[in-house]
Each structure stands twice: as structure tokens, then as C-alpha cells.
Amino acid sequence: MLEIILCIVIILSAILALIQKDLLKAAILTGITGASVAVLFQVLLAPDVALTQAIVEGAIIPIFIALAVKKTQRSEG
Amino acid sequence: MNELIPLMVIVPLMAALLISAFSKFNTVTKIFAFVVAICLPIIPLLSNYGFHYFGGYEPILDSAVNMMYHPAITYSFTFLQQIFIGAVGLLTFLVIFIYLTKYRKVSGPYLFLLFLGTAAVTAMLLTDDIFHMFVFFEILALAQVGIVAASSIDYSYEMALKYMVLGSIGSPMMLLGIGFLLALTGSVNVTDIAAAVHNGLVDATSPVFLLSLALIFFGWLYASGLPPFHTIKSGIYSKAEPHGAALLQSFTVISMISIVLVMFRIYASLPIFEVLIVFFSILAMILGVSLALTQTDFRRMIGFLAVGELGFIGLGIGLGTNFSITAGLFQALNEIVITALLFIGFGAIVNATNEVDTRKLGGLLAYHPKVAIMLLIGGLAMAGVPPLSGFQSKLMLVQASLSCGFPEISILAIMVSIATFVVFVKTYYTMFLKPKPNDLELEGKEVPKAMIFAMGVLLIIVILLGIFPDVVTNGISNFVGGIL
Amino acid sequence: MKLYDQIFNVVKQFRKLFSPGPVTNADVSGSLTAEIFLIVSLVLTAILLRHVNVLLAGIFTLVLAIVLIYSIPLIPKFKIEQEDSLEKMLFYAIITLALIGIFMYWGGNLV
Amino acid sequence: MAQVQLVILLTSVALVVIGFYSAIFIDNIIKKIIGISFIEEGVNLFIVAIGYKAGGVVPILMPGMDTSWFASNAAYPLPFGLVLTSIVIGASTLAVMLALVMVLYRRYGTLSTKVMLADTSKREEYDE
């Protein structure tokens, strides 16, 4: 059951990230996708991959995107 | 002396890291880079043929099914690897020599990128592990982007970003194909996968196996710049510094042949594999040469010509006989040398005139006769004029396609050669022979001596390979006999 | 004479290819060569279909040749499709991936 | 529970399709890069799902485990090792792309792909 909920969260947050007008929110939603994938890796018996994924995709990449947004512009267009 | 095999990758990799760490000591960096660059072509010449197993894990014989398993990442070093690593090492040496003599203050990160790219292509040639190859392919892509972005030409950042975005479509697809293969066979070692396919452990007609071919093939198209990626490949050649472009095209050629040889070993039993390769090679030849004919920027033109010549390599491998694959690999070696010669030569002209539009150039023969003559011989070699090296490989390709029963392909190859000749003669005429435009300033601008030296070395190789092709083709033919 | 006029108009259309800037005779002759090279090489490639079916190859080659000759100039159309804007490159890359995938999945065992 | 594997495969396919959609149809370059990074994520998820074994254990040999029991019950660890490398490669690629975007924004003042990454061959002004 947990897997199915996680899969739905992953796909929903991925779609929401792409229809968001505010790029900062899009960055945070990317982090949610990454973190949910990390939990899914734990369910799939890969704890070492889950740790790396949680740090890289859940924390570092949203921060990179947020920095890029801060240096450029926040709204789309 | 099999300990030298991993050193071929480790030496440029360590040199790259050390140079970027200590780049504030200018003179030391220069001397160190020069010494390492000399070592690069020498190490493969000294090393013996053989295998190297990382971690010392020898292959295990499974007595139940009587098959070998390779638990370690394996580097195999044969004549083919020796000749190509030697060629890339020599080219890296020449490029670094040009770079070191051009600037008084060298940039550590740029040298880092050049050495990193060389290490990556060397590992791609040596390795027998398909995922290891993918990792170094990604490193190579990053190094290529860095080399393009480091140039001072307009729009180089845009081109680098476009290359990266396209790459992040292409390389995950290749990874997905590797994942399919892993799901089917449970291994990433190419020898193991090939043995599993040939012994019937994998159903060669299953959709998963066919889709893995489709995905890895798409990654190969991205790596080698065949259509639909020919525009971006010619674009990054034209936006890099000339000596960087000479190295970039050798990276492209080597990643192309190393991936296609791996694919050939795994998928050679599928007839559709050869159909796909021949189709895309013909497309590359037609599109590359016909677009090169309409360019006015001569760096872009050489870029499209280089893509068109890649089609010949693919054609030789796609025909699938021993003779044709030998011809294709020999053409790859010739292309590395000849295209590097052309990029460096036209780069020397850019250096002396600060102009890339052929419409604004003219009359350069009187000012730079040495460059003009060397470029002429290089262009004739690319078009396939005897007795230069391009002639030998193209003749072999035409013979191979005739003996396979495809006379249309032979006629097409000859036509593409003629069109290449037209492109070259047209550009040569507008740049060197046409009367000089009045507003072109040429006085007091010299071509760097290092560039002329590099062109001279490459020209000697072109002529030697043209007169004695057997030195290379016999060894390559033996190698091809081993994988067929 | 109609075909001759058409070819003559091709030369006029090449002017747009090289704008901005003057059009030299070397550029125009290069573009004409490219035009002829493109038609001949595509027709020659179509003959390769004879390994599948001889009749199909004959009909296809004739139709292709007629269509190509009556739709000159080809090079301006070709060049517009192969400029280096990211959108066009991404579009063609993904279309090619889809075509290879479909071709392999349903046609991989037929050849 | 082959169902778990099936659900996860469908999710990874969905992520790849979302990535392709964003590559073609989204104009903002930062959102395009976010979308393309989903392709990489979907592929990683797929490869991890290959190694999954229903009802298996984590492939770490603890003291006290029977070796033959472990060998028949542990998940296949090779894909996990591959994904570990692939995650880091994806992150570094994304960082380089964002850095290039930041540099280009200073020149163009917009994030639109149509403006920033248009055709360059015609843009070079021909100065008489």
C-alpha cells in the first residue's frame, strides 16, 4: 500500500512542479519528488541508494535550483 | 608489463586533478603538463597486450554450464586499443603544446578539461564493462561542454547549454538500454552478455532485447553526432577554440567506435542492427555534405564535413564483414588525423585574420603559403585522393560494399567523396586564391609556430599511412577476426 | 522550358539563404551542387529498397525522383529544418527516438 | 508481490514521459531542466526495480546469517551500485546546466528558450 501512495505522490508532485508559475515552489516540489523516490528505494531493499538519493535529490538539487532562481527571476515568463 | 594498462587512464586523470589543484604556480604547471602530454603517446607503445582485472579478481569458470564469468571490471588491451590510444595521445600532446605556447599565463581548469577528456576516451576504448563505459561517457560529455564553454567565441555558452540539454535526453536513454540488458542477463560485462546471447540463454527475438538495442542505439547516435544530432555536433566544433575542436572531433570518433564495437559484439546476430547502422550512416553522409556545401562560416563547414565523414565509419561497420569493419576502423583512424589537421589549419587562419566568414576572406596564399599547402594536402586526403591515407580507407570501403552486393552504396560513397572535394575546393578558392578584399587587414599577423609544427606532424602521419596502410590494416584485421 | 525556368528561380531563392551579406558566385554554385547532390543521393538510396522488393523499389524510386525534382529548391527547406535552435533539435531527437523504438518493437523480427 | 514491481515500473515510465513532455512543450529553461531531470530519476527508479526481490532482504550480510539462505533471499545488489553512480552524475550535470543558465540570464534578461537558445547561425550581424 505504501508503494502505491508514494508512486502517486511522486507523479503528482512532478506534474505540479511543471505547472507551477512560481519557480521557487517548483524547486520545492522537485525536492518532494526526490525524497519520495528515496523512500521508495528503501522499500525496494536498497538502503544505501536511498541515503544518497535523499541527500542529493531531496536536498542538494532543490537548493541548486533555488539558488539559480534567486540569481535569475522568480516568476515564469 | 600489464601494469601499464591502467596507467593509461590514471596518468591523465591524476595529471588533470593535480593541475587544477596547483594551477597558481604557472611555470610548474606548464612543465608538468608538457611532461605528462609527452608520456601519453609513449605509454601505449611500451605496454604489452593483455588484460587487466581491477582488484585482481580473475575470471571464474562455472563448471555447471561451462561458461566464464568476469567479476571484475576488465581492461583489455590489443592492437586496436594501442593504435587509437596512441593517436589520441599524440593529438593531445600537440593540442597542449599549441595551448602552452599560445598563452603566457595558462589556465588550470582548461588543461584539466583536456586531460579529463583524454582519460575518458582512453577508458572507453579499454573497458570491457558497459556501465563503466557509460560513466566515462558522461564524464566525457561534461569535459566536452567545458571545452566549448571555455572558448572566447560568441555564443559558445548557448551551444554548450544546448549540447547538455540534448545530452540529458540521450544518455539516460542509453542507461535505460543498459538496464534492460542487465535485467535480461544479470551482468554488465560485455563478454558475459555476448556469451549469454550466443549460447541462447537470452531470447534474441524478445521485445525487451530489441528495445535495449533501440535505446543504446539512440545513445550511440548522440555520442557520435549522426542525425538527428549532426547540427549540435557541428555547432560545438564551430564554437570551440580551433585546437579544442581538433581534440573534440577525436573524442567523438573514439566514443563512436568504442560504443559501436560493444554493440556489435552483443547484437551482431540481429540483422536489423546492421540495417539501422547503414541507414543512419547514409543519412549522415547525405545531410552532412549537402549542408557543408551551403555554409559560409568555414569552421561550421568543416564541422559538417566531419559529421559526413563519420558516415563512412558507420557504413564500414554496418556492412558487417571482416574486410568492411577493418576499412571502417582504418577510416576512423584517418579521420582523427585528417580532421584534426584541418581544424588546426583553419584555426591558424582565424588566428591570423580574426575572420570566419569566407565571403570576407581572400588572397591568403601570398601571406601564409605554408599553411595553405598543408591545408591543401589535408583536404585532398579527406576527399580521398591517392596516395594519401583517406584514399586507402575509402577504396577499401568501396571494395567492401561491392563485395557485399551493394553497388549503390559504393556509388554513393564515391559521390560523397566527390562532394567533399567540391566543398573543400570551393572553400580553398574563396580563402586562398580569390583576390584579396580591400578591407582585409593582413599585415603583421603571424601564424603561431606551434600550429605549423603540429600540422607538419599530422601531415607526415597522413602521408605515411597512405603509403604503408598495411602496417595498420593487418593488425586491425586480426582484431576484427577475434570479435566476429 | 518550364523546368528551366524553375531551376532559374532556384538561384534567385538562394539569395535569401545567405542574407545578411552579399551572395558570391561560389556560394550559389555550391548550393546548386548541394541541390543536385541531394536529389541524386536520395534517389540512389531509394534503390536500396530492391533488397526488400524489386517492384516496390522501382515504383518508389520513380515517384521519389518526380516529387523531388518538382519541389526544388530543396536546400532552403532543408536548411530551415536543420538550424541549431534548441526546440527543433529536441523535437527531431525525440521523434527519432520514438520512431526507432516503434520500428524495433514491431518490426525488429521482420528483417 | 510482483505487483509492487509493476507499479514502480509504471511510475518510472510516467516520469520519463513527463520529462519528454517538458522537453518539447515547456518554454521556461529552468522548468525544462527540472523536467529533464525527471527522465534521469525515472531511469534510476527502473534500474533499482530490476534488483528488487519480493519478500527478500537487504543485500548486507549480517553476522549470524546463513550464507546459503542469504544468497537465495537477498536482493540483487549490482543495479543498486550502478544507480548510486548515476544519481551523482545526474546531479553534477544539472548543476552545470543551471550555472550556464545563470550566465546566460545576465546576457539576455529572460528565461525563455525561444529567445535564449534560438538559432545562432543567422544572428551574427554582417557588418559591411
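All chains are named by letter (A, B, ...) in the order of the sequence lines, taking the proteins before the strands, and each is independently numbered beginning at 1. As the structure is a prediction and not an experimental result, all values here were calculated from the model.
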### Message
Tell me if a side-chain donor or acceptor on B:K162 pairs with a main-chain N or O of D:A118 at a distance below 3.5 Å.
### Response
yes
#### Entry: Largest heavy-atom contact set with chain B, pairs under 4.5 Å, which of D:K32, D:E40, D:M97
D:M97
### Task
Only counting residues at least two apart or in another chain, list the ones meeting side-chain hydrogen bond (donor to acceptor under 3.5 Å, both in side chains) with D:N73.
none
#### Entry: chain D interface, residue from B:G186, B:G235, B:S187, B:S171 that has the most non-hydrogen pairs under 4.5 Å
B:G186
### Task
Quick one: which of B:S238, B:P172, B:G167 has the most heavy-atom pairs under 4.5 Å with chain D, could you say?
B:P172
### Query
In chain order, what residues pass the ring-ring contact (aromatic ring centres under 6.0 Å, His included) check against B:Y163, with sequence neighbours excluded?
B:Y222
### Message
My understanding is that only one of B:I147, B:V148, B:D154 makes a side chain to side chain contact (heavy atoms under 4.5 Å, CB included) with B:K239; could you say which?
### Response
B:V148
### Task
Measure from the side-chain N and O atoms of B:K233 to the backbone N and O of B:A306, and report whether any donor-acceptor pair falls under 3.5 Å.
no
### Query
Donor-acceptor pair, B:T127 side chain versus B:Y75 backbone, under 3.5 Å?
no
### Query
Considering only heavy atoms, which portion of B:Y157 lies under 4.5 Å from any heavy atom of chain D: side chain, backbone, both, or neither?
both
### Toward chain D, the part of B:L175 with a non-hydrogen atom under 4.5 Å
both
### Task
Tell me, out of B:V145, B:L176, B:L161, who's got the most heavy-atom pairs with chain D below 4.5 Å.
B:L161
### Task
Taking heavy atoms only and a threshold strictly under 4.5 Å, list by residue number the residues of residues 60-68 of chain D that touch chain B; give 'none' if the list is empty.
none
### Query
Counting only heavy atoms not in B:Y57, do more than 12 sit closer than 6.0 Å to its OH atom?
no
### ring pair (Phe, Tyr, Trp, His ring centres under 6.0 Å) pairs, two or more places apart, involving residues 62-104 of chain D
none
### Message
Is it the case that the side chain of B:T430 and the backbone of B:T427 share a donor-acceptor pair, with hydrogens and angles ignored and the cut-off at 3.5 Å?
### Response
yes
### Query
So, are B:E241 and B:R299 salt-bridged, with charged N and O less than 4.0 Å apart?
no
### Task
Report the option among D:L78, D:I89, D:I39 that has the most heavy-atom pairs separated by less than 4.5 Å from atoms of chain B.
D:I89
### Query
Which bit of D:T93 is near chain B, if near means a heavy-atom gap under 4.5 Å: side chain, backbone, both or neither?
both
## Note on the structure
Bottom line for D:L82: the part with an atom under 4.5 Å from chain B's heavy atoms is both
### Query
What residue, out of D:V103, D:V101, D:I33, has the most heavy-atom pairs lying under 4.5 Å from chain B?
D:V103
#### Entry: Heavy-atom donor-acceptor pair, D:T85 side chain to D:G81 backbone, under 3.5 Å
yes
